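Throughout, a chain's letter reflects where its sequence line sits, starting with A, and its residues are numbered from 1. Here the structure is a predicted model, which means the values were calculated and not measured.
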Protein chains: 2
Amino acid sequence: MPPKPKTEAERQQLRTLIIDAARDLFVTRGVEAVTMREIAKRIGYSATSIYLHFADKEAVLRAILDVDMLALATSLNTILQIEDPVERMQALGYGYADFALSFPNHYRLMFMAERIPCDPEKSSLQKNNAEQDAYFLLKTVVNDVYLAGRFKEELQDVDLIAQVIWAGVHGICSLEINMANDKWVNWTDISARLQLMQTVLIRGLLREPT
Amino acid sequence: MPPKPKTEAERQQLRTLIIDAARDLFVTRGVEAVTMREIAKRIGYSATSIYLHFADKEAVLRAILDVDMLALATSLNTILQIEDPVERMQALGYGYADFALSFPNHYRLMFMAERIPCDPEKSSLQKNNAEQDAYFLLKTVVNDVYLAGRFKEELQDVDLIAQVIWAGVHGICSLEINMANDKWVNWTDISARLQLMQTVLIRGLLREPT
DNA sequence: GTGTTAACTTAACGACGTTAAGTAAATTAT
DNA sequence: ATAATTTACTTAACGTCGTTAAGTTAACAC
C-alpha cells in the first residue's frame, strides 16, 4: 500500500536497507545464488521495488563493494599509529589478511569474484584518501618505508613495491579461501603460510641490516 | 535422427566434443554466461543431449578442469630438463604465470572461481604424479632445492615453502586477471611485478650467497 | 515381424532478472 | 472542495536459463 512521498533521507534509508539485506545474502551464499526476489522478501518489499533504487543486480553489488571498501580502509587506518615504518607495513599486511580470512565471502566479493572494474568516477569513495582508499593507505605506508631508506637501493618504484606486497598477501588469502578444502594439496597451517610470506617479503625487499 | 547404438569409443568421442566446445565458450565468455543450449548448438545437438553424457553443467565444468589440470602439469613438465634446481624453480614460476596470463579464463576456472573442492577419489588424474599433478611437480622442484641445501636453514617444511611460492605467483596472476582493468589502482607493468615477486621469493627463501 | 533398446528430439517446468502495466495514497491545481 | 497529477509501490508478464518428461525413430534381438 503506497504511502506518501519520501524525503531524501527516507530514500537513502531504504537504499541502505537493500544494501544490507543483499550483502548479508551475497556474503553467506554467493552473488549468483541470491535472487532479487529473495533480497526483496528480506526487507518486506516486492522484487521490483529494488529497481526503483538500483538500476540492476550489479548496481546493488557495486554499492555494497563501495561501502565495504570504505569499511576495510577505515579498519586498517588504526595501524597508522604504529611508529616504526617497517612494523607498520607488516601490521598492515596482517590487518589485511585478518579482514580477508575473517570475512572470506566479503573478501571474495571484493577481490576474487569476476569483477566489475570499479571506476573512480562512479564511486562515492575518495581516491587517494587514506581513510577511504585501502590501496592508497598501503602506498602511503610503503612510501614511508621508502623515505626511511629501508628498501633495497634498486627498488625505486613505490607502486611496484606496494603491488608486489599486496599480491603476496592476497595470494595467501585467496588460495586459503578458495582451495583450503581441496584434498589434493597437503595444506600447511594458514598462519605459518602468512607469516612466512611476510618474512619473505620483508627479507626480499628491505636492505640487509633488518 | 537417432542412429544405431554407439561403441564406447564413439561415446567417449562425443564426450570430448562436448568438453571442447564447452571449454571454448567458457574460456572466452565465462562459465555463467554460456548456456547449455549454446554448447549443444556448437556441436549440432540439442541441449538435452548433453545430459546423456554429463549429469549437469557443473559436471561438464569438472571434466574440463580435469583435462586442463593435466595439460598444465604436462606443459610444466618440460622445465624438469633444466639442471640447476634454483633455475628450475624460477622457470616453474614463470611457466605457471605464463599459463595463467595466456589463458586467464582457464586460470580463473581452475584457481579463482568459487570451487567445487576437487576430490582425489573422483578425479581421473593421479595425485603425486609429476606428469599429472602440478602441485606435486612444484613440490618436487622445491624439494630438489631443499636437498641441494639452498634454502635458509630454518626452512624445513617443503610443503610450506611450496605453498608460499605458489601463493606469491598466484597473487600476482590473480590480481592481474581480476583487477588489471580497475582504474582505481595505478598498475605497474605486469612483467615487472612478476619479476620482482620472483626475486623477492628467491631472496627471501634462499641462503645468502645467491 | 514384432518387441526392445539406444540415441536422440521437442515440450514443458519452475525460477531467474527485468519491464510493463496497474493501483492507491498524498500532493497540487483549480 | 474536488479533480488532476505524482509518488511509491504492487501484480503480471516476458524471455531465458538449467533441467526433466515425454515422445520419436533407427538398429538390433528373437
Closest to the [X] side chain, choosing from [options]:
X	options	value
B:Thr48	C:dA20, D:dT20, D:dG18	D:dT20
B:Leu52	D:dT11, C:dC8, C:dG17	C:dC8
A:Ala47	C:dC8, D:dC9, C:dT18	C:dT18
A:Tyr51	D:dT19, D:dT11, C:dG17	C:dG17

Please give, in whole Å, the distance from [N] [atom2] to [X] [atom1]?
X	N	atom1	atom2	value
B:Glu10	D:dA27	CD	C1'	13 Å
A:Ile50	D:dT10	CD1	P	10 Å
B:Ile43	C:dA7	CD1	C1'	13 Å
B:His53	D:dT20	NE2	P	16 Å
A:Lys57	C:dC16	NZ	C1'	8 Å
A:Glu38	C:dC16	CD	P	7 Å
A:Glu8	D:dA8	CD	C1'	14 Å
A:Met36	C:dT18	CE	C1'	8 Å

Base, sugar-phosphate, or nothing: which does B:Val60 touch, judged by heavy atoms less than 4.0 Å apart?
->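 Since no nucleic acid heavy atom lies under 4.0 Å of B:Val60, the category is nothing.
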
How is B:Leu14 classified with respect to the nucleic acid when contacts are heavy atoms under 4.0 Å: base, sugar-phosphate, or nothing?
->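 The answer is sugar-phosphate, as B:Leu14 gets under 4.0 Å only of primed atoms, P, OP1 or OP2.
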
Would you say the side-chain atoms of B:Tyr146 and B:Gln156 include a donor-acceptor pair closer than 3.5 Å?
->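 The answer is yes; a qualifying pair exists.
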
Just wondering, do [Y] and [X] contact through their side chains at under 4.5 Å, heavy atoms?
X	Y	result
A:Phe111	A:Cys173	no
B:Leu80	B:Val141	yes
A:Glu38	A:Lys41	no

Residue closer to the 5' end of DNA chain C, B:Ser46 versus A:Ala55 (nearest nucleotide) =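 Taking each residue's closest nucleotide, the earlier one in sequence belongs to B:Ser46.
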
OP1 or OP2 of D:dT10 under 4.0 Å from side-chain N/O of A:Tyr45 =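 No.
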
Would you say C:dT9 has OP1 or OP2 under 4.0 Å from some side-chain N or O of B:Ser49?
->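 For C:dT9, OP1 or OP2 has a side-chain N or O of B:Ser49 closer than 4.0 Å.
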
For the residue pair B:Tyr107 and B:Tyr96, does the interplanar ring angle fall in the parallel (under 30°), tilted (30 to 60°) or perpendicular (over 60°) class?
->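 If you compare the ring of B:Tyr107 with that of B:Tyr96, the planes turn out perpendicular.
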
Can you say whether the rings of B:Tyr135 and B:Trp166 are parallel (under 30°), tilted (30 to 60°) or perpendicular (over 60°)?
->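 The arrangement is tilted - the two ring planes meet at 30° to 60°.
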
Could you tell me which non-hydrogen atom of B:Ile165 sits nearest to which non-hydrogen atom of B:Met89, and how far apart they are?
->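 It is CD1-SD, 3.8 Å.
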
Check nucleotides 14-16 of chain D for protein N or O atoms closer than 3.5 Å to its own N or O atoms and list the pairs.
none

